[in-house]
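Read the numbers this way: they start at 1 and go in the same order the structure lists the ligands and their atoms. In what follows, residues are counted from 1 in the order of the sequence shown.
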Amino acid sequence: MTRTLVLVRHGQSEWNLKNLFTGWKDPDLTDKGIEEARIAGHRLKEYGLHFGTAFTSELYRAQRTLSILLEELGQPHIPTVRDAALNERDYGDLSGLNKDDARAKWGEEQVLLWRRSYDIAPPGGESLKDTGARVWPFYIHRILPKVLSGDNVVVAAHGNSLRALVMALEGMSPADIVAEEISTGIPIVYRLNADSTVAEKTVLSH
Ligand SMILES: O=C(O)[C@H](O)COP(=O)(O)O
């Protein structure tokens, strides 16, 4: 049994391109983002992966990335679960603001704490810990049983919902997770042991 779990962050969005905090806002992919999703599907095809189930968020950029990727894989119609538990971190009052303008207003250090620390939430939004509080139970109750049953699973989600998932999978500490970045459109392939620990991790870079 392969017990494969693939995580992929959506391709570049219009707001990634404009350097805006996005969170639960719902912009589309850019042309580059569409291409990144295609390449991700192509890399998974080359890797020989077939999926039984897909999971994504309720946000369009992740859903569109997933459908482009599955189309490229030749598996456009697999069962797909969409759930807000996998949504991006809610960026609260920062949503829609330019990231450089935010650094100019609140300082580099404060903005980095909001973006990468474990438990400091942006004003009106979620910390990574808050995001994990919805991602982790969803993983345990909905995603993991599929993986452990041998049903290869792909999860198309977001930078911070995936950072929360990677933190749990790899047993990272709050200090470790600060440096963890998830690139757009790069599949991360985990093979899990029967006890759900990670046996192997492969990053399918371009
Ligand atoms: O919501 C956003 O702005 C991005 O998708 C992730 O942003 P971050 O890299 O600032 O956490």
At under 4.0 Å between heavy atoms, is it the side chain or the backbone of [X] that contacts ligand 1, or both, or neither?
X	value
His158	neither
Arg116	side chain
Trp15	neither
Leu20	backbone

Applying a strict 4.0 Å limit to heavy atoms, is [X] in contact with ligand 1?
X	result
Arg115	yes
Gly159	no
Arg9	yes
Glu181	no

Side chain or backbone, does Lys99 bring an N or O within less than 3.5 Å of an N or O on ligand 1?
yes

Short N or O distance, Thr22 and ligand 1, threshold 3.5 Å exclusive
yes

Could you list the atoms of ligand 1 found under 4.0 angstrom from a heavy atom of Phe21?
3 (O)

Lys/Arg cation over aromatic Tyr47: Arg43, 6.0 Å, 45° cone
no

Arg61 with Asp28: basic N within carboxylate O range, under 4.0 Å:
no

Have a look at Arg116 and tell me which of Glu181, Glu109, Glu108 forms a salt bridge (charged side-chain N to carboxylate O under 4.0 Å, His left out) with it.
Glu181

Sub-3.5 Å donor-acceptor pair from the side chain of Thr22 to the main-chain atoms of Leu20, do we have one?
yes

Heavy atoms from other residues, nucleotides or ligands near CG of Asp31 exceed 12 (cutoff 6.0 Å):
no

